[in-house]
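In what follows, a single structure is set out as structure tokens and then discussed.
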Amino acid sequence: MGQRVEFKINKKKYSVDIEGEETLLEVLRDKIGLTGTKMGCNQGDCGSCTVLLEGKPVNSCLVLAIDAQGKGITTIEGINDDEKLHRIQQAFVEFNAIQCGFCTPGMVITAYALLKENPKPTVNEIRHYLQGNLCRCTGYTKIVEAVQWAALNGEREEISHDSVKRLEGEEKVRGKAVYAGDIKKEGMLVGKFLRSSIPHGRIKEIRTDRALSHPGVEAVITAYDFPDRRIGFIIHDEYIMAKDKVRYIGEIMAAVAAVDEKTAQEALELIEVDIEELPGVFTYKESVREDAPLIHEDFDKYTTEVPLIRDRNICLKGRIKKGDVEKGFEESDEIFEDSFTVPVVHQAALEPKTVVAEIDHNGRIHIFSGTARPFAVQSGIAEVLGIPMSRIQVTATRMGGHFGSKGEITFEPIVAMLALKTGKPVKVEMTREEEFLAGNPRHMMDIHIKTGVKRDGKIIARKVRLEVDTGAYAYFGPLATSTAMNLASGPYSIPNIYVEGICAYTNKLSCGPCRGPGAPQVIFAGEVQLDRIARSLGIDPIEIRLKNALKANDTTATGQVLKDGGYIEALLALKRYLTENPQTYPAQDETKAYGMGIAGGFWGMGGAGSSAMVKLNEDGSAVLVMGAAETGAGSETAMAILVSQGLGIPLDMVRVISGDTDTCPFDFGAIGSRTTQAMGTAVHRAINGVKEQLLNFAEGHLGIPKDALELKEGKIKAKERPDISISIAKAVHMMTTVKGGPPVATGTNTAPSTPFNQEYVEGMVRPARPFFSFCVQAAIVQVDKLTGKVDVLKVIASHNVGKAVFKEGIEGQIQGGVAMGIGYALTEESIFDGGRLVNDSFLDYRIPTVPDVPEIIPLIVEKENPKIPEDIRGVGEPATIPTAPAIVNGVYDALGVRINRLPLTPERVFRAIKPLP
Amino acid sequence: MIHDFTYLKPGSLKEALAMYAEHDDCKVICGGQSLLIVMRQGMISPEYVLDIKHIKELDYIKFDPKDGLRIGATTTHREIEKSDVIKKNYPVLVEMERKLASVQVRNWGTIGGNLAHADSAGDPAPVLIALDAEITVGNKDGQRTMPLEDFFVDYFETVLQKGEIVLEVHVPAPAARSAAAYQKFNLLESDMGIVASAASVTLDENGACKDVRIVLGNAGPTPRRVKRAEELLKGKTYDEALFAEAGKIASEDCEPVSDIHASEEHRRHVLGVLTKRMLKKAWEQARG
């Protein structure tokens, strides 16, 4: 049925055999190899696949390739004629309008079309035109600024671009960054998964012989192809594929590798599955009933990473008890009691998770994937497959958005096994539906919170109960529950606190880490209640927070003594900003109401180990080799800045190699907002190592004591004698010649030990955190009183980062985090009908588009006289934590109604104002 | 993944109609911005796909002050959005198009494809019906023309018979002292409408309502007129209480569903709010 068709792409002719049903996107990526055009949703909702067809931007996933025949096609690879970047590409680089880079080619193409059509667009015209291009990282602010700048062609200077440009910006705007889905290997097979369509059942038999004999199918595997071993992040309760039972709709039961996608799909339909359906448990409340069906009959035989209290469907029952909460309530002047419900929401990274596995000529498995934890993937595959780690290499490719969704090991071992069985490279690429159906989204929680305060606003007692639905497998449930418990005090010093956390299994997908696992949920509850307390007592929302703020030497709920604070500084920065820039908005009228809400937050950063190596080259440049993968958050750039500053060489003289388990030293992973701090410390130590070697050499060479030398402007200089110096390049050259090698040093770091009070806690995972990062945000909202629709007009986000390393990157993290928080507040929610997910596309699961995200003003707060690396604090997760409660408090300010359930859909808001019949 | 099909590409309208008559299990594609999604989801898997998008004979926007506006079926949304003559004479159509999905979708999706897909949440139909549009459809044997409101039968179902395709939409010339307004209620800027309301108002020389049409989107299986409210308004002068009453009728005379986006009650309520707002807006514009 195939036919040969001529395409005109980027002014070149391509002659390709295609099928009628192939889309332009498929042909561009798979047949022509123009992989700058990305697949994010495959149904026209995200714009990642935007190309120009006859000069107009279209979604190439919604154009039949044959229909594009003979028409001029321009892809990201074709918008700059020569080596030089096009002005719009340059603008994206200049403004750091790029993070993960996955949406970037589509975004650039659309912006390019806009400027062709309308060379001088207004800001609103830019926002309107780009609305079909989703970005999950940036919050769009820098993108809109970049397009403005490109439109002005540098004619006006009032828009100032960034001084530091991210290192990998240029490859991303060119569409040259390689994501796992862009990898093509000779003879590569396509892998597909057969997923359960029932939520709970006992597997009697899976027959694969018909599928296996289907022409073009090279392997069909099930759990029986793996060693009999359960794995899990905290509780080892999950086989790599369903074995005895299926426990949620979407669970993988079998995997196929075939010559192409179509054949793999056909093979899935030939697998015969015999399952005895069992009654399901779909909510927390059903799950904890005495007579509830057991989701894991063998739960008491499961091993765990740490001792836990478990019971039937409950996989964690934890408690914090500090002081005497009942006595605290007795001593309180007023007591406030509220219940909150927050939904399952997805990370919704624009790149669906993709894994490529190949077997090299030595029989080693090489995995390519956009993973934030390559070393965890390596050890995880070794564990699941029962082979030594030395047989596995994991290379983190560029990653199209993370937010927790690409941290932990999921189906990588299955792809590895398919490659082992076939001896051929295998690629598995999730569809958007699979991402929604079987990803590991944020936990839903019911949170009951009772707080006792003195009339002056001082919190003296708090009792919290967290009811957490983790889904079919414990996965991140025990940790997210424990983290929520740990953070249940909010960023406040509370003398008497009692927290209960219960995490239960249900027959739904397993929830995982999503931008601050546990924190956005519990902070939402605490901050909305605190707003109610402040109003009830007639205290300013910032003042009540200042009054109770955690500071150095205070103890947290678990009895950890804080080495430093940071919340007060964040609060004061916001207060100062609001005083200097009074926020005005229209008075309420018949239809619209306006308000401003404040909410704070904090986050306990991830600890664990990181290591790095710095080596110098004979031209005076440096190579930094580190295990941390670039998630899009800017860690390569941040670490390169440390090297550049530490050695006194320009940033473009630093090259970074990251995220490969064979060549890079270990890193725990780009999770928990830990990288800049944890890896930064290791890098700092490696820098000091090479510095020491340089200074030792220069001491002898220049005859100046090393204490009197400094590294500056690419030279080793005598501090007091400007005429005496040697260039680093020359020094390295001489060291190489004389000593046989250039300066090389490694640095390692593990988080400081963090004692907590053993007597306070029971049944928790990680009751203490090495560092805390503090923040507070203000949101200005508009509410349509007659429909209930809420619009956010502005967010001011004050974040104490201790010491800013990559300032432009931090701004981007804050803006992106706030945008995600807006989605959490207003539009995002996975909706289940029993065990069935109802909304599995970006059409029904709404992440904010450009016009939905308002102006976001980042206030970057640093410590006084901050020091590198000890004062560095993470911002990735904190950025999203206070946004939803700030918005909800803003809605209260506007309307005088409290809504304790996210998201604030128009209907929920309207019903709160005026009950419907 | 889209199921295999045989792609048919006629060279002319005549050939297209002949091919369509010949092939059973054949689906017409005219932009495919909705069709390819449902095909990928496996909801339909036709043996043949007949592509008419490139047929130039159906790609036109013609305006005549007496005859009004004629838009060929293969005209893209973006062509409508960018048309100066439409902007001048039917600004509501441009406003509606500006908020239909994204630039990418509007560049490839067509008005004929949109109407034939008959999604109850589609934007153009309520506006066009409010403007009293007619639709012309045809097969190899001939053509027929009907009011657009009679074109829709049920969710995703129209009067189109086998071998018949949409050819043209005709909108009468705008009357003096007339204006129309449309708003959809959605959560994101580029979203499908949860509900929508369109109103067109024509005033007489004394400022009283000579004619009015109110059409609701996603308020039932097909776009629906609110005739009881129209009757209420005819002959009346500007009165916000009256608009509120018309809104109330709109919220009663509809049959919206409850789904994950909104309950039936909230949909009814918002239809009332939007209808009131659109009547007021259209009326004020008609007054000039």
Side-chain angles (χ1 to χ4, degrees), chain A residues 1 3 19-23 42-45 47 49-50 53 56-59 61-64 66-67 106 110 113-114 117 127-133 261-262 265 433 591 784 786-789 826-827 829 831 838-839 841 843-844 846-852 905-907 910-911 916-917, chain B residues 1-9 29 31-42 45 48-49 51 53-54 76 78 82 98-99 101-109 185-192 194-195 247 259-270 272-274 276-277:
Chain A
M1 295 293 284
Q3 54 182 306
E19 306 285 337
E21 67 274 12
E22 281 183 286
T23 62
N42 224 5
Q43 67 163 39
D45 294 324
C49 67
T50 304
L53 196 47
K56 301 183 194 92
V58 298
N59 290 315
C61 73
L62 289 186
V63 174
L64 291 175
I66 197 160
D67 193 10
T110 308
L114 164 66
E117 201 176 309
R127 290 158 64 87
H128 179 77
Y129 202 93
L130 295 178
Q131 73 179 10
N133 290 81
E261 191 188 353
K262 199 175 142 199
Q265 195 69 45
E433 295 85 337
T591 57
D784 186 325
L786 299 183
T787 63
K789 187 171 186 235
L826 300 180
T827 58
E829 176 175 22
I831 299 170
V838 181
N839 50 342
S841 72
L843 193 63
D844 292 332
R846 300 175 171 90
I847 73 172
T849 68
V850 190
D852 302 299
T905 60
E907 180 152 5
F910 184 79
R911 283 179 189 270
L916 282 168
Chain B
M1 232 178 61
I2 299 172
H3 202 274
D4 309 1
F5 56 78
T6 302
Y7 179 79
L8 304 173
K9 189 171 186 179
I29 187 166
Q33 301 299 288
S34 301
L35 184 68
L36 290 179
I37 296 171
V38 293
M39 285 176 70
R40 189 174 282 124
Q41 289 166 346
S45 45
Y48 298 97
V49 167
D51 191 352
K53 182 171 188 290
H54 55 277
T76 65
R78 197 99 169 99
K82 305 269 283 177
R98 270 178 59 78
K99 297 210 165 172
S102 60
V103 163
Q104 287 93 328
V105 168
R106 297 198 296 278
N107 274 328
W108 213 244
F185 183 65
N186 51 9
L187 297 192
L188 299 178
E189 283 278 320
S190 58
D191 232 350
M192 300 277 282
I194 292 171
V195 287
D259 62 18
I260 59 168
H261 308 299
S263 70
E264 179 192 334
E265 297 80 36
H266 194 242
R267 277 199 163 89
R268 285 183 187 276
H269 167 76
V270 174
V273 173
L274 293 186
K276 181 186 165 200
R277 286 181 184 170

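Throughout, a chain's letter reflects where its sequence line sits, starting with A, and its residues are numbered from 1. Remember, it's a predicted structure, so these values are computed and weren't measured experimentally.
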Relative to chain B, which segment of [X] carries a heavy atom at a distance below 4.5 Å: side chain, backbone, both, or neither?
| X | result |
| --- | --- |
| S841(A) | neither |
| T787(A) | both |
| L64(A) | both |

Is R846(A) paired with D191(B) through a side-chain N to carboxylate O contact shorter than 4.0 Å?
-> yes
SB check K82(B) E117(A) (cutoff 4.0 Å) | yes
If every non-hydrogen atom of S102(B) is compared with every non-hydrogen atom of G132(A), which pair is closest and at what distance?
->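 Heavy atoms only, the tightest pair is CB-CA, 3.4 Å.
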Mind listing the closest non-hydrogen atom pair of P848(A) and L188(B) along with its distance?
-> CA-CD2, 4.0 Å
Proximal component of [X], with respect to chain A [non-hydrogen, under 4.5 Å]:
| X | value |
| --- | --- |
| R267(B) | neither |
| R277(B) | side chain |
| D4(B) | both |
| I29(B) | side chain |
| V103(B) | both |

Which distance, rounded to the nearest 0.5 Å, do you find between the [atom1] of [X] and the [atom2] of [Y]?
| X | Y | atom1 | atom2 | value |
| --- | --- | --- | --- | --- |
| K53(B) | D67(A) | NZ | CG | 6.5 Å |
| L187(B) | T827(A) | CG | OG1 | 7.0 Å |
| Q41(B) | E433(A) | CD | CD | 7.0 Å |
| H266(B) | F910(A) | NE2 | CZ | 6.0 Å |
| N59(A) | L36(B) | CG | CG | 11.0 Å |
| L62(A) | W108(B) | CG | CH2 | 12.0 Å |

If you count heavy-atom pairs within less than 4.5 Å of chain B, which of [options] leads?
| options | answer |
| --- | --- |
| T905(A), N42(A), I847(A), I831(A) | N42(A) |
| K262(A), H128(A), E22(A) | H128(A) |
| T110(A), T591(A), V63(A), V838(A) | V63(A) |
| Q265(A), Q131(A), E261(A), R127(A) | Q131(A) |
| L843(A), D45(A), D844(A) | D844(A) |

Chain A shares the most heavy-atom pairs under 4.5 Å, among M192(B), H54(B), R98(B), M39(B), with R98(B)
Closest-packed option against chain A by number of heavy-atom pairs under 4.5 Å, given L274(B), D259(B), I260(B), D51(B) = I260(B)
Set of ring-ring contact (aromatic ring centres under 6.0 Å, His included) partners for Y48(B), sequence neighbours left out = H23(B)
Would you check if there is a donor-acceptor pair between the side chains of E189(B) and T849(A) at a distance under 3.5 Å?
-> no
More than 12 heavy atoms from other groups under 6.0 Å of NZ on K789(A) =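 Counting other residues, nucleotides and ligands, NZ of K789(A) exceeds 12 neighbours.
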Could you please spell out the steps behind the side chain to side chain contact (heavy atoms under 4.5 Å, CB included) verdict for F185(B) and D784(A)?
-> CA-CA 11 Å; F185(B) 183 65; D784(A) 186 325; 6.0 Å; no
Do N133(A) and Q104(B) come close enough that some side-chain heavy atom pair is under 4.5 Å?
-> yes
